[in-house]
Every structure is written in structure tokens, then in C-alpha cells.
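Heads up, the thing below is written out as C-alpha cells.
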Amino acid sequence: MSSKLKSGLLDGEIDRLPMTIRKNRREILKYMGATIMVSTTPAIADGKHTDWQVAASGETEFKSDPVTRFDDLAKSGKLSGVHGVVALRGGRIAFERYFNGNDMKWGQPLENVEFGPETLHDIRSVTKSIVGLLYGIALAKGRVPALDEPIIAQFPEYADLGRNPERERITIRHALTMTLAMEWNEDAPYTDPANSEIAMEQAPDRYRFILDRPILAKPGRGWIYSGGAVALIGKIIERGTGQSLPDFAKEVLFDPLGIDTTEWIRGQDGEPSAASGLRLSPRSLARIGQVILQGGEWQGRSVIPKSWLDESFEPAAIVDIGWRGMHYGYLWYLGEEAITDKTGTHGERFIAAFGNGGQRLFVFPGFDFVLAITTGNYNAPDQWMAPAALLFDVFLPSLTET
């Protein structure tokens, strides 16, 4: 079987995330005196957001204070490039910090940005996971095909490709789990046309480009990270709903959650990037995590079918991204972290979304905990370090250690 059927380090989009980074970590850049803003608002009372409360000091339900850990980490220089951190506990904002810094907008440099709770930020490949939620919503409405339908059948304009029996066996489920077993290379830098996502963006017809990739093995046999798989899912949603992907997302997900401001970047062909084009604020990203914790419900309304979330978070493929025991569901990463406390050592299940530059969304159901992180370390080889330090050195200890 081709070595391309297993994941290695995916340059930029999927980063090596070790089980612990507490030892033998090299220093990053020195702390640059960034402005830090701490939210002290007791509640956001603007109609849609009355449910979104900020925990008062001493009421965060952490076992130990994350503030000292965070500040020590920042002073050490290990949070270089971090722009925003929002941590939720029990449905309330328990911790929130913002830094000023340089940023990019889908590859276009932005000057120094003063980040805050509602500042839009590239979430890059976290977009993929949100597209997975959108497919489940559309499926529940009867607007898109069932998961075991052939994916080539959803693109009848490429009938010539559909005459290949091997290609006819590839289903929508294979795209949602990235087990298409078609050639796709995102190991190359995202500045290199050899990177398949870049080649897709430059192709005259992105969907033909994706569907015409060589088949390496039987579908379902291996996990290959693929922005192309998600582009297909996004287009099927658009065709089934009769709406653009951004408009459908606004109607069925963002508006119901009170997410008022978003941006979805389009490629040079005018197609919204389902793989990496979404821009959200840190608080909005945290809301996505919170609605997952709540089984798809928000303010007493079902926004995402719970049955879809349950199915999405069942392991469908094993992935090798440097974090032992990681699996993949329907465009979400699934893992279990070893936690040691006074009761002993046990596994704590989590759900996660990762994006280029260090964008992260972690959901720990057992802790009733959500962590959203935005950073600007795009394409850097050590981009995993700051978000990993936040998770392992700040928040997990604060949840488990007294």
C-alpha cells in the first residue's frame, strides 16, 4: 500500500501534538509585551446573547487557578503568536485573554491587529469540522443524499469519470471520514503548487480536479488528509439546499447560536472554501464547542441533531498526527487524554478541530469544558507548541490539580 495512505505531519493544517510537552521543549520567541484584555462583563445582554455569561472571579469551577499558569507561560515566551483564548466551564466564560499581533487573512498579511472577543480570525481547517456539522443538519432536513450514496453520482457533469467502477465505490461517507483512498498531498508547503489544496485552488475546475485524482486503494482502507474531500461535501450541501454554503451556515447554525458576524473566503473561481475559508471570532468558535457539549441544543432548540453528533464522534479512521490514539470521525478529531488525579489515572475523552497556524477547538465532555484558541503562527513548523502548552500546561492541570 502506498505510504501516502497514512498521515504524516501535514504542513500547516495538522500539527504534531505530543501527549505531553512539559519536558524538553525548546524556547520559542521571547514574550513581546502584548496587550492583554481580560473580560469582566458579568453577562452579554443584547437579546440573542443573554445566555452567554462570564464567570465572576472565584466562580470558574477550576480546581486550581489557570491565571497564574497562563501568565507564567506568557512571560516565558511560550505563547508567542497567540491572539485569543476563550475557555468555557459549565456554559460560562471562565477564562478569556487577547493579545495584539500581526495576522493574515487567508494568506494576505494584516498589520498589527488589536484582538478582542468579537474580532474575526481565520480558523483555517477548523472550517472542515464545521462543514461536517452542516452536512448533518442538511441531512436531517432531507436536503442532501445519504452517506452511502456514491459521491460521483452527485456530480453528473463528470459522467466520464463515473464510468470507472473503482470511482463509483467512493461514497459521501468516505469523504466525511477522509478515507477516499485517492491521491492527495498536503505535506508540501501551502506556498507550493505541489500541495494538492493549492493545486485545487488554481485548477480551472476544482471539482473535476478532486474527482480525477488517482485511486490508490479500496475506499475506506486508509486516512489521507484532504481539503478536496471537504470541498466535495460543501458543494453537495450547496446543490441540495439551493443555497451558498455561507448562507446555509448562517441560516441553520450561526443565526440560531447568536453568531452575528462571520466571513467565508472564496477562491479565485468564486467558490467558498469549505476546507479553510471561514473566519470567526474566538467567542463564536467557543459557541460551536458549547453547542456540541449541549448535544446540539441551544436555548431549548435543537440546532444540530444529537444523533448526528453521536455518529460524527464515533471513530471511523485511525490518524497519525503525533498524538497517540487519535481517531477521526466525520471531519472531527477524536482522542483520549490520560489524566492523573487523586483517584488515579484514567482516560478523558475529547473532540477537537485543528487549523493551520495553531487554531484549535477542544471539547472535553467529561469536564464540561471548551477551549478555543486563535493564533497567527501560520505555516510555522512549531505552530503546535503554543496551543499545546495552553492545553497541557494551563488548562488540564487547572481542571485536575488542586
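Below, all heavy atoms of this structure are taken into account, side chains as well, without hydrogens, waters or symmetry copies.
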*Just by modelled atom types, is the Gly325 backbone N or O under 3.5 Å from a matching donor or acceptor in the His327 side chain?*
yes
*Phe99 ring center near His83 ring center (under 6.0 Å)*: no
*Over all heavy atoms of both residues, which pair between Ser398 and Arg69 is shortest? Give the atoms and the distance, please.*
OG-NH1, 3.1 Å
*Can you find a pair of side-chain heavy atoms, one from Gln154 and one from Lys235, that are under 4.5 Å apart?*
no
*Would you mind checking if Lys78 and Asp72 are paired as a salt bridge, meaning a charged N to carboxylate O distance below 4.0 Å?*
no
_Close side-chain approach of Leu134 to Leu253, heavy-atom, < 4.5 Å_ = yes
*Salt-bridge test for Glu197 and Arg206: reply yes if a basic N is under 4.0 Å from a carboxylate O, no otherwise.*
no
_Less than 4.0 angstrom from a charged side-chain N to a carboxylate O is my criterion; do Glu166 and Lys218 meet it?_
no
_Taking CG in Leu161 as the centre, count heavy atoms belonging to other residues, nucleotides or ligands within less than 6.0 Å. Is the count above 12?_
yes
*Using 4.0 Å as the upper bound for N to carboxylate O, is an ion pair formed by Glu263 and Lys105?*
yes
*Pair Lys306-Asp310, salt bridge (charged side-chain N to carboxylate O under 4.0 Å, His left out): steps then yes or no*: CA-CA 6 Å; Lys306 183 178 184 302; Asp310 291 343; 3.0 Å; yes
_When you compare the side chains of Gln243 and Glu238, does any donor N or O come within less than 3.5 Å of an acceptor on the partner?_
no
*Check the pair Thr171, Glu149 against side-chain contact (heavy atoms from CB on, under 4.5 Å), reporting the backbone distance first and the verdict last.*
CA-CA 5 Å; Thr171 67; Glu149 290 296 313; over 6 Å; no
*Side chains of Asp212 and Tyr158: donor-acceptor distance under 3.5 Å anywhere?*
no
*Would you verify whether the NZ or CZ of Arg349 falls within 45 degrees of the ring axis of Phe364 while also being under 6.0 Å from that six-membered ring's centre?*
no
*Mind telling me whether Tyr333 and Trp223 have parallel, tilted or perpendicular rings, with 30° and 60° as the class edges?*
perpendicular
*Does any N or O in the side chain of Asp122 come within less than 3.5 Å of the main-chain N or O of Trp106, such that one atom is a donor and the other an acceptor?*
yes
*Can you check whether Phe395 and Phe95 have ring centres sitting under 6.0 Å from each other?*
yes
*For the residue pair Lys128 and Val230, what are the closest heavy atoms and their distance?*
CG-CG2, 3.7 Å
*Would you call Ile236 and Ile151 a side-chain contact if the rule is heavy atoms closer than 4.5 Å?*
yes
*For Pro282, which of Leu361, Thr374, Ile373, Leu120 qualifies under side chain to side chain contact (heavy atoms under 4.5 Å, CB included)?*
Thr374
*Please assess Leu216 against Ile224 for the test side-chain contact (heavy atoms from CB on, under 4.5 Å), listing each intermediate value before the final yes or no.*
CA-CA 11 Å; Leu216 304 178; Ile224 304 174; 4.0 Å; yes
*asked:* As a quick check of understanding, evaluate side-chain hydrogen bond (donor to acceptor under 3.5 Å, both in side chains) for Asn377 and Asp382, giving each step before the final call.
replied: CA-CA 8 Å; Asn377 298 322; Asp382 59 358; 6.0 Å; no
*Tell me, with the steps shown, if Val144 and Arg239 meet side-chain contact (heavy atoms from CB on, under 4.5 Å).*
CA-CA 8 Å; Val144 292; Arg239 290 183 172 183; over 6 Å; no
*Any idea which heavy atoms bring Tyr328 and Leu334 closest together, and the distance?*
C-CD1, 4.1 Å
*Does one side chain, of Asn185 or Asn195, offer a donor that lies under 3.5 Å from an acceptor on the other?*
no
*Pair Tyr330 + Trp308: ring centers closer than 6.0 Å*: yes
*Test log, rule side-chain contact (heavy atoms from CB on, under 4.5 Å), inputs Glu118 and Thr261*: CA-CA 8 Å; Glu118 302 303 330; Thr261 305; over 6 Å; no
*Between Arg208 and Asp160, is the closest basic N to carboxylate O distance under 4.0 Å?*
yes
*Would you name the heavy atoms of Gly136 and Pro305 that are closest together and state the gap between them?*
O-CG, 4.1 Å
